[in-house]
Amino acid sequence: MAETKVIERKPLSLSERTYLPQIVSGLKTTISHMFKPSVTLQYPEERPPIPKGYRGVPTLVKDPNGREKCVSCQLCEFVCPPRAIRITPGEIPEGSESEHVEKGPEEFEINMLRCIYCGLCQEVCPEEAIFLQDVFSLSGYSREELVNKKDKLYELGGTLPDSHFKWDKKKAAEEAALAGGHH
Amino acid sequence: MELTSILLKIVFAVLMIVVVMTMAGYSVLIERKVSSWVQGRVGPNRTAPFLVNYIPFIGPLLVRMGIFQPMADGLKFLFKEEITPGHVNKTYYFLAPILALVPALTTMVVIPFGQYTDPSTGASNPLMLAPLDIGILFIFAVSSLGVYGIVLAGWSSNNKYSFLGAIRSSAQMISYELSLGLSVFPLFLWLNAPGVEGGLGLNAVVDYQQNFWFIFVQPLSALLFLVAIFAETNRLPFDMAESETDLVGGFHTEYGCFKFGIFFVAEYAHIVIGSALFTLLFLGGWHFLPGLSDPWPAGWIGAVLSTIWFLVKTVILIVFFVLIRWTLPRFRYDQVMKLGWTILLPLAIGNLILNAIIIALIDSQ
Amino acid sequence: MDVLFIIFAVLTVVPALLMVVSRNPVNGAMFMIISFVGMAALFVLLEAFLLAILQVLVYAGAIMVLFLFIIMLLDMDEVEKIKPGTVTSIASGISLALIIVGVAVLLGSDGLAGQSVAHLAAAPDFPSADNPMGLALSAKAYGFGLFTKYMLPFQLTGVLLLVSMIGVIIISKKRETSQGQEQS
Ligand code: SF4
Ligand code: SF4
């Protein structure tokens, strides 16, 4: 058993009982703080630095060619815990630049009133098309306003400078295979 | 002749109300600014009416110091929706804020704020509205009426938090009024000691402090008075009345918009008057520095300079009020009562008796 | 001056009456305060500033606050209409008549030691004879009077107040012990 040690409390001396020296030393602290530079940000003008790996508002990104990356596989929709994502898959119209991609979302909605910023959608996406980026302030006047539509998501997301070009490579490989014929 | 002198009095009175109310407004600013500096923030720095921001240098500087913030605050109170809760006692509910503000503004008529030296005769007169020779008693009497505003506000709100807040603050004000009065009586004993013709006027106290300040001669009185003033104005170590954590908002819980604004202004007017009073009693009023003769020239320039010097001291005290707010934690209610009745009051009485004995000893020699 | 006197006299008398008649104790207390302040204003008109201030400081500022306090704490909204007993009404009638007669005698004839009250009020006796209103005006003269000529009445009043204070303490203490733990 641990030994208990009783520490006698010393009775306060007279100067301690008036509290005046303590108040003076407290005032010293207060006054010294008064002349220290402020630690706050002037928020709307100054923004805090966003650390790497920050999970902000989920957004859709485009590849360096400006094409949409999402192939509407609906994995994110499936994995999203609060069911914040709603995707309407659609065909990519004939003759468009990204014709070789199998599918694309016709509509892509993320309900920010439901999203919990877990980042699972980013984790699961096979196309690296959805990212939680650095947007952290989000507000609106109605519920409808807070459901991010596809164009809003692309506007927030921008372009990611990755150079996989998975679909282009695939297309090139297919074409090469076609040209190579029987080999 | 009679009419012009009355008119002049009215003009001066209005001027003084304007000055005190402005100071009350700006002490809110001081409070906000100093608080934010203490806490490492910047405080209000955005209110900029019209084109002020386009004035080079000065404009942005004023905006950064929040000079226009009090106006915005006042307007906010004016334009808020006027809400009267359904369960209040209407008459007293509306009467209470007025009763809180009126004593705060009435006390200032006996407060001298500067001196005017006649260039031709060299006689100097204090500047004040009513040269009452029992000024200090007048202040105690009128400020004791301020309790009614709080009591009635708490009672008429028909809300237990308000009522508790009102009871606490009025009990506290009544208890500390005693020490407040007793702590300054030694000064007036010295003022009326044999051979000195002082009276009970505030200008007499200032005149007496020509060469020394009372704070150095009577430090105990000064300390007691300061503590009592903190309690009377319900400032932080003693803000039992509106301790947000246990009483929601205290006696003005049920008040909003302009009526709350009046309470707010009255509170800060009390702080301004209290600081002015401490300056007059213990910091030599408008006298320059202890031991130095006043550098104020004769005529109106000197009057203005002395007034400014007086205001500077007052503002420093207001800043001190705010600093104390961020230095000390709040007392518990029973501690407040214990401090008032078992420490301050006996000390004040002892101090009074001691001074009386000293004066008697000096007199008997 | 007369206009002011009438205003303040009305301000003193009417609230005093209302205070007696009003059914709500809080209203009564407030009327009493107004009456006190009106009386203080009357003192000011007599240039008795010290008395006026003491009136406000002691009665309006301290005593009535405690009254108001107790009324509010007891939460008496409306006092029940109590029919006074016959003895009470007879006794109060007699005392009222006595008071009226007494005041009339004091004011009319040379009541007190051959001096009418009006005369006494115009020239009270105190240190400096050349300044008849000095007693009320100067706090110093007032104090001088209290500690010399009126020493005995002054001390007696003090003792009386002390006795009543001790009485109150004893009465409230007794109730506490009889009710046991209820009041801690
Ligand atoms: S961050 Fe989480 S909650 Fe938000 S959309 Fe992605 S998966 Fe859904
Ligand atoms: S964002 Fe990624 S996971 Fe979601 S549907 Fe598009 S490709 Fe699939």
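Just so it is clear, the model here is predicted, and its values are computed rather than measured. Within every chain, numbering begins at 1; the chains are lettered A, B, ... in the order of the sequence lines, protein sequences first and strands thereafter.
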Can you tell me if [X] uses its side chain to pair, donor with acceptor, with the backbone of [Y] under 3.5 Å?
X      : Y      : result
B/Q172 : B/F238 : yes
A/Q133 : A/G157 : yes
B/N355 : B/N351 : yes

Heavy-atom distance under 4.5 Å to chain A: side chain of B/L323, backbone, both or neither?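 Backbone plus side chain of B/L323, per the 4.5 Å heavy-atom cut-off to chain A.
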Measure B/L223 against the heavy atoms of chain A and call it side chain, backbone, both or neither at under 4.5 Å.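 Only the side chain of B/L223 comes within 4.5 Å of chain A.
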Between A/I31, A/L20, A/L27, which residue shows the highest count of heavy-atom pairs closer than 4.5 Å to chain B?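 Looking at each option in turn, the highest pair count goes to A/L27.
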Under 4.5 Å from any heavy atom of chain B - which part of A/Q22: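 No part of A/Q22 comes within 4.5 Å of chain B.
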Report yes or no: do B/N234 and B/E267 form a side-chain donor-acceptor pair below 3.5 Å?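 No - no donor-acceptor pair under 3.5 Å links their side chains.
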